[in-house]
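Note that the numbering runs from 1 along the sequence shown for the chain. Fair warning: this is a prediction, and the values are worked out from it, not measured in the lab.
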Amino acid sequence: MARMMIFTGKGGVGKTSVAAAHAVRSAREGCRTLLVSADMAHNLGDVFQTTVGGTAKEVQENLWLLELDPYRLMRQEFPNVSQALGDLLAGVGFAAGAADGSFPIPGFDTLFSLLKIGKLFESGEYERILVDCAPTGETLSLLKFPELLAWYMEKFYPVGKFAVRVMAPAARAKYRVKLPGRKAMNEVERLHQSLLALQELLKDGSSCSVRLVCMPEKMVVEETKRSFMHLSLYGYQVDGVYINRVLGEMPDNPFLMRWREIQQQYLDELGRVFVGYPVMRLPWYPEEVRGMAAVERLSAALPESPELFAVRVHSENETYEVVDGGYRLRLRLPGAADEVTAECRGTDLYIRVQNTVRCIPLPDVLRGAAAVEYGLADGVLCVAFRMRDAEGEGEPQ
């Protein structure tokens, strides 16, 4: 069974190096391994000291490198999707495309990278796909994109399809506006199905997991904790933490020994935050991780196989259960404080954590239910639902 691992963390902590070390170890085990960069600031070529592009390149037995170019993917591999979305948006004021071939809506280029990763996984060509992602903020935007776009399409696509069928002739004749045709709408519908399948794949802990890379420094640790919470909010499985650049014992160097004491404070804090999760420490080498020899040295510092690639599915992040008088949603939010709110609006549940809002479409059995109370305890948000009866009983207070 194919496996995907996503590596992310704050910029500059060594995500690419750690992902590369995993890839080399995987290839040494005889698994066909693809290391793919989803960061627009690609540096796989810098680490391996070779040229990498938009076509998978084999750099040693069982190891291929690939740097995704969303604009190339849009033009060459997903032209129908690009054209369909362009047609769909053309009637509401967006240009069909810029002169440089970019997509008319900023941020949509992410879509094509995601579709390519999903396509590579489904092909079965590789046994392990390791994804070197951009810094944390961009990675979170990338990972929540399938759910967000699928939500919008679920809400508006049926209405849009009806409107196109009814209004297209009049719009063309009276307003000289070309609405998307049936072919474009069918392509958008296939895109919707692809997004749902991709979302299911990314959140399946037995097939895909996220590994956080950090360093024992205050700002990095705080961002790592927030990333852990937000990834859990969106249902992603974190199965390991790699603390990079850890100093060893140097009793003859007071300066570095003081830094080691500072690092130890944050090492202890990360151990408390990630109780029950593998937390690996990687040494700070005196040289840069550049070239195959340096990558192999870092690879040797990783845990022994098969532990390194073991599937670790922790408790489900998002579960519904039947309770007296209704239902209850349990959502794991490690590290969340009192700034969490939950509110039902129509057929959706809106959960706000700090400055992030996730909209969860409610299961059919909860359509028409009211969220009567919610609470956060021990890193788990519980939302109680009660079905409204004919007299309106069950309305939230």
Problem - Pairs satisfying side-chain hydrogen bond (donor to acceptor under 3.5 Å, both in side chains), at least one member in residues 281-294, at least two apart - result: none

Problem - Selection residues 322-331 - residue pairs positive for side-chain hydrogen bond (donor to acceptor under 3.5 Å, both in side chains), sequence neighbours left out - result: E321-R328

Evaluate the side-chain proximity of [Y] to [X]: yes if any heavy-atom separation is below 4.5 Å, no if none is.
X    : Y    : value
F48  : L35  : yes
W64  : R32  : yes
M292 : V24  : yes
T16  : D39  : no
H230 : Q354 : yes
P361 : D348 : yes
V52  : H42  : no
L329 : L366 : no

Closest heavy-atom contact between [X] and [Y]?
X    : Y    : answer
V311 : S206 : CG1-CA, 3.7 Å
T33  : S26  : OG1-OG, 2.6 Å
L298 : V18  : CD2-N, 4.1 Å
Y350 : C359 : CZ-SG, 3.7 Å
C208 : I6   : SG-CD1, 3.8 Å
I243 : P216 : CG2-CD, 3.6 Å

Problem - Step-by-step salt bridge (charged side-chain N to carboxylate O under 4.0 Å, His left out) determination, E222 to K218 - result: CA-CA 6 Å; E222 293 302 318; K218 179 64 175 178; 3.3 Å; yes

Tell me every residue that passes side chain to side chain donor-acceptor pair (under 3.5 Å) with [X], counting only those two or more places apart in sequence or in another chain.
X    : answer
S194 : none
H22  : R211, Y242
T319 : none
Y126 : none

Just how far is it from atom [atom1] of [X] to atom [atom2] of [Y], taken to the nearest 0.5 Å?
X    : Y    : atom1 : atom2 : value
S37  : E67  : OG    : CD    : 5.5 Å
Q263 : R258 : CD    : CZ    : 11.5 Å
N43  : D132 : CG    : CG    : 6.5 Å
W259 : M250 : CH2   : CE    : 12.5 Å
F7   : S209 : CZ    : OG    : 8.0 Å
F112 : I117 : CZ    : CD1   : 14.0 Å

Ignoring hydrogens and geometry, is there a side-chain-to-backbone donor-acceptor pair from [X] to [Y] under 3.5 Å?
X    : Y    : result
N244 : V13  : yes
S227 : E223 : yes
E318 : L331 : no
K15  : V213 : no
N253 : L256 : yes
R25  : S299 : yes

Handout entry: Criterion side-chain contact (heavy atoms from CB on, under 4.5 Å) on C344 and L362, from CA distance to verdict
Key = CA-CA 9 Å; C344 271; L362 293 174; 4.1 Å; yes

Can you get from [X] to [Y] by hopping between Ile, Leu, Val, Met, Phe, Trp and Tyr side chains that sit under 4.5 Å apart?
X    : Y    : value
V289 : L130 : yes
L212 : M5   : no
L302 : V47  : yes
L202 : L196 : no
L114 : L66  : yes

Fill in the blank from the handout: So salt bridge (charged side-chain N to carboxylate O under 4.0 Å, His left out) across residues 112-122, not counting sequence neighbours, yields E77-K116, E77-K119

Practice task
If a pair satisfies salt bridge (charged side-chain N to carboxylate O under 4.0 Å, His left out) and one of its residues is in residues 197-209, list it, with sequence neighbours excluded.
Solution key: E147-K203

Handout entry: CA sep, side-chain torsions, deciding dist, call: N62, E29, side-chain contact (heavy atoms from CB on, under 4.5 Å)
Key = CA-CA 9 Å; N62 294 318; E29 293 179 1; over 6 Å; no

Exercise for the section: Please list, chain by chain and in numerical order, all residues satisfying salt bridge (charged side-chain N to carboxylate O under 4.0 Å, His left out) with R260, sequence neighbours excluded. Expected result: E249

Handout entry: Residues that D252 engages under salt bridge (charged side-chain N to carboxylate O under 4.0 Å, His left out), provided they are two or more places apart
Key = none

Completion exercise
When L143, I360, N317, T356 are each screened for side-chain contact (heavy atoms from CB on, under 4.5 Å) with Y234, the one that passes is T356

Problem - Among V357, V353, V340, side-chain contact (heavy atoms from CB on, under 4.5 Å) partner for L233 - result: V353

Exercise for the section: Determine, stepwise, if the pair L73 / L115 fulfils side-chain contact (heavy atoms from CB on, under 4.5 Å). Expected result: CA-CA 9 Å; L73 293 173; L115 290 174; over 6 Å; no

Side-chain donor-acceptor pairs of residues 267-280 under 3.5 Å, sequence neighbours excluded:
from: D268; atom 1: OD1; to: Q264; atom 2: NE2; distance (Å): 2.9
from: E269; atom 1: OE2; to: K225; atom 2: NZ; distance (Å): 2.8
from: Y277; atom 1: OH; to: R332; atom 2: NH2; distance (Å): 3.0

With a cut-off of 3.5 Å and sequence neighbours excluded, list every side-chain donor-acceptor pair involving residues 372-381.
none

Problem - Over-ring placement of R128 relative to F309, 6.0 Å and 45° cut-offs - result: yes

Practice task
Walk me through it: do Y266 and I262 pass the test side-chain contact (heavy atoms from CB on, under 4.5 Å)?
Solution key: CA-CA 7 Å; Y266 299 120; I262 294 172; 3.8 Å; yes

Practice task
Answer yes or no: are there more than 12 heavy-atom neighbours, outside E61 itself, under 6.0 Å from its atom CD?
Solution key: no

